[in-house]
Each structure stands twice: as structure tokens, then as C-alpha cells.
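This structure is a prediction, so every number in the text was calculated from the model and none was measured.
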Amino acid sequence: MNKQEKITYLKAYLDKPEESYAESFKWEIGMILGDFDESNPNLRFLENLSDEAAINAFVDRLTSRIVMKYDPEWESLGDFFWDYVANG
């Protein structure tokens, strides 16, 4: 997949209707990322993801981790997200 295809797929995956509590964070992840265009530096992490399955796995692991470990009293969701991008 090229970068634009990854961006388009990520946006569509984040925009899917929510089916669980974990998926309810997808909209907020989209807001943290900002614009879904190639010039957005927030989307650089997509360079490390090769295909749709890798993008799905990234988002699914992130939303699961949010449910299990995110504490809004100690950090912002943005900080939590960027820590995940940097450290996995």
C-alpha cells in the first residue's frame, strides 16, 4: 500500500460504527491525528505499517490498551496515544 492508501484506509477504519466500548475511542484517535492527508506529520507512524491487517492490529491494540490502562486523571488521551506510537 502506498501512503495515501494507508491514510484512506485508516480514516475509514476509524470511522466505522462502534460495536464495543473499546471502539468508542476511534473517533477520539481520529481527532488526535488531525487531517487525513499526506502532509500531516502525525501520520508518519503509518510508514511502519505495511497493509490493512497491520493498520487494524495497530488500532485494535491501541483501543484495547486504552480500555485497560488509560487513566484520564493522570494523562491526556493524546499523551497516551503518542506514547503508544513511540513505544508500542
* Could you walk me through whether Thr63 and Glu23 pass the side-chain contact (heavy atoms from CB on, under 4.5 Å) check? -> CA-CA 6 Å; Thr63 56; Glu23 289 179 352; 5.6 Å; no
**Prompt:** Should Leu10 and Phe45 count as side-chain neighbours, where that means a heavy-atom distance under 4.5 Å?
**Reply:**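 They are in contact (side-chain heavy atoms under 4.5 Å apart), so the answer is yes.
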Taking side chain as C-beta onward, heavy atoms only, is Ile7 less than 4.5 Å from Glu38? yes
Side-chain heavy atoms under 4.5 angstrom apart, residues restricted to Ile, Leu, Val, Met, Phe, Trp, Tyr: same cluster for [X] and [Y]?
{"X": "Phe81", "Y": "Trp74", "answer": "no"}
{"X": "Trp27", "Y": "Ile55", "answer": "no"}
{"X": "Ile29", "Y": "Val67", "answer": "yes"}
{"X": "Trp82", "Y": "Ile66", "answer": "yes"}

Output the distance between atom [atom1] ([X]) and atom [atom2] ([Y]), rounded to the nearest 0.5 Å.
{"X": "Gln4", "Y": "Phe36", "atom1": "CD", "atom2": "CZ", "answer": "11.0 Å"}
{"X": "Tyr70", "Y": "Leu77", "atom1": "OH", "atom2": "CG", "answer": "5.0 Å"}
{"X": "Arg65", "Y": "Asp83", "atom1": "CZ", "atom2": "CG", "answer": "8.5 Å"}
{"X": "Leu43", "Y": "Lys11", "atom1": "CG", "atom2": "NZ", "answer": "11.5 Å"}

Tell me whether [X] contacts the main-chain N or O of [Y] through its side chain, where contact means a donor paired with an acceptor under 3.5 Å.
{"X": "Lys6", "Y": "Asp51", "answer": "no"}
{"X": "Ser64", "Y": "Arg61", "answer": "no"}
{"X": "Asp35", "Y": "Asp37", "answer": "no"}
{"X": "Glu5", "Y": "Asn2", "answer": "yes"}

Donor on one side chain, acceptor on other, Asn56 and Asp60, under 3.5 Å = no
For [X] against [Y], the heavy-atom pair lying closest together:
{"X": "Val59", "Y": "Lys26", "result": "CG1-CE, 3.9 Å"}
{"X": "Lys69", "Y": "Glu75", "result": "O-OE2, 4.4 Å"}
{"X": "Met1", "Y": "Glu52", "result": "SD-N, 3.5 Å"}

Partners meeting side-chain hydrogen bond (donor to acceptor under 3.5 Å, both in side chains) with Asn40 (sequence neighbours left out):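 Once residues adjacent in sequence are excluded, Asn40 has no partner under the side-chain hydrogen bond (donor to acceptor under 3.5 Å, both in side chains) criterion.
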query = Under the ring-ring contact (aromatic ring centres under 6.0 Å, His included) rule, what pairs show up with a residue in residues 1-20, not counting sequence neighbours?
reply =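 Residue pairs with at least one partner in residues 1-20: there are none.
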Requested in this report: Mind running side-chain contact (heavy atoms from CB on, under 4.5 Å) on Val85 and Phe58 for me, showing each step along the way?
Outcome: CA-CA 9 Å; Val85 169; Phe58 175 87; 3.9 Å; yes
